[in-house]
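Proteins get letters first, then strands, A, B, ... in listed order; numbering begins at 1 in each. For the numbers below, each heavy atom of this structure counts, side chains included, while hydrogens, waters and symmetry mates do not.
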Protein chains: 2
Amino acid sequence: METQEKSVPQTKTPIIDRQQLLAHWQGHRSLTRRVIGLFPDDKLFSFRIGGMRPFGAIIQELLAIAGPGVVGLATNEWNNLDENLAGLDTKEKLLSAWDETTERINEWWPRVPEERFQERITAFGQYEDVGYCTLLYFIDNEIHHRGQGYVYLRYLGVAPPNFWER
Amino acid sequence: METQEKSVPQTKTPIIDRQQLLAHWQGHRSLTRRVIGLFPDDKLFSFRIGGMRPFGAIIQELLAIAGPGVVGLATNEWNNLDENLAGLDTKEKLLSAWDETTERINEWWPRVPEERFQERITAFGQYEDVGYCTLLYFIDNEIHHRGQGYVYLRYLGVAPPNFWER
């Protein structure tokens, strides 16, 4: 069965288009929002495993990346990454900031130039990579940290949402 | 600043091409391989947090998906998902199966028809979705579970690899 004979010609049909990629990102963000919502309020900024950060601090990082990140992709003007969102110190504030970021992404996404995805960029003035890699990093980093949040929840006796519910 | 005026026309330039997507997938798989390698042998099939599966069982799931998954994407012929890989019960066997899957993905990837990514498919005879969503699910599911593996490692006092090292 496993021969190389049936190799398929490569064309330029998009594997995924812009709107699909936006929906994919926002679908993941929607799931992360539900994980924040399920997290016990009194553990959000205190509970940790193995010296890792509390889930609230992780969410601050994700907020520091996503909103400024989409503006950076659109404009290619980058500020340094500012993870000092210490003011977002309750679940309610995190969720409110999360929703603002959701709107910001929807607003700026159409303004990301098509060529940006294949350009070399220096995200946040520091992380040099091709545009699509930078964007996928934003998404993958969220999946990675949310997976950690699932373990925190399980440890705390809370059932996380199904991974495939976006 | 945040007006809709500078909206960029949508064209059909690919955001990410096939070879880039393959490299992205294999990059993640390379990182997961390192996490398997770092996991203490005597904890791989026994250590768990909050009732979750041991990391070895998670890796069996990822192996059950990736190799048969890429063949399914290429042929659109799907067997049921078979996570019963109980024979892969040592780190050495997992790593060996991981490497075989790496080769299998490289071999079958060029044979995935271009149109498959935008077709509705029923992966493993059960999971109906558009092709690119199914593929991204394979990748994202691995990121998600590997993130859980990071917490296991931290709990066990082992420093996981940096997330960005692929």
Worksheet entry | Steps toward side-chain contact (heavy atoms from CB on, under 4.5 Å) verdict (B:R154, A:I49) | CA-CA 7 Å; B:R154 287 280 183 198; A:I49 292 179; 5.7 Å; no
Worksheet item: Of all of B:Q20, B:Q148, B:M52, which one pairs up most often with chain A through heavy atoms under 4.5 Å apart?
Response: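 Ranked by heavy-atom pairs under 4.5 Å with chain A, first place is B:Q20.
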Discussion item. I'd like to verify something: which residue of B:Y132, B:F117, B:Y137 has the highest number of heavy-atom pairs under 4.5 Å with chain A?
Written reply: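 The option with the most such pairs is B:Y132.
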Fill in: Distance flag, aromatic centroids of A:H144 and B:Y150, threshold under 6.0 Å
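For B:Y150 and A:H144, the ring centres are under 6.0 Å apart.
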Worksheet entry | Other residues, nucleotides, ligands: >12 heavy atoms within 6.0 Å of B:N162 CG |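 Yes - once you tally the heavy atoms of other residues, nucleotides and ligands closer than 6.0 Å, there are more than 12.
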Discussion item. A quick test of your reading: do over 12 heavy atoms of other residues, nucleotides or ligands sit less than 6.0 Å from CD of A:E165?
Written reply: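 Atom CD in A:E165 is crowded, with more than 12 foreign heavy atoms closer than 6.0 Å.
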Part of [X] lying under 4.5 Å from any heavy atom of chain B:
X: A:L153; value: neither
X: A:E142; value: neither
X: A:H145; value: neither
X: A:Y155; value: both

Worksheet item: If you measure from CD1 on A:I143 to CG on B:L136, what distance do you get to the nearest 0.5 Å?
Response: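 Here the rounded value is 8.5 Å.
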Worksheet item: If you take all heavy atoms of A:F163 and B:N141, which pair is closest and at what distance?
Response: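 Between these two residues, the closest heavy atoms are CE2-CA, 3.6 Å.
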Item to complete: Might you point out which heavy atoms bring B:I15 and A:D17 nearest each other, and give the distance in Å?
Response: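 Closest approach of B:I15 to A:D17, heavy atoms only: CD1-C, 3.8 Å.
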Worksheet item: With a 4.5 Å heavy-atom cut-off, do B:L21 and A:I16 have their side chains touching?
Response: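 No; the side chains remain at least 4.5 Å from each other.
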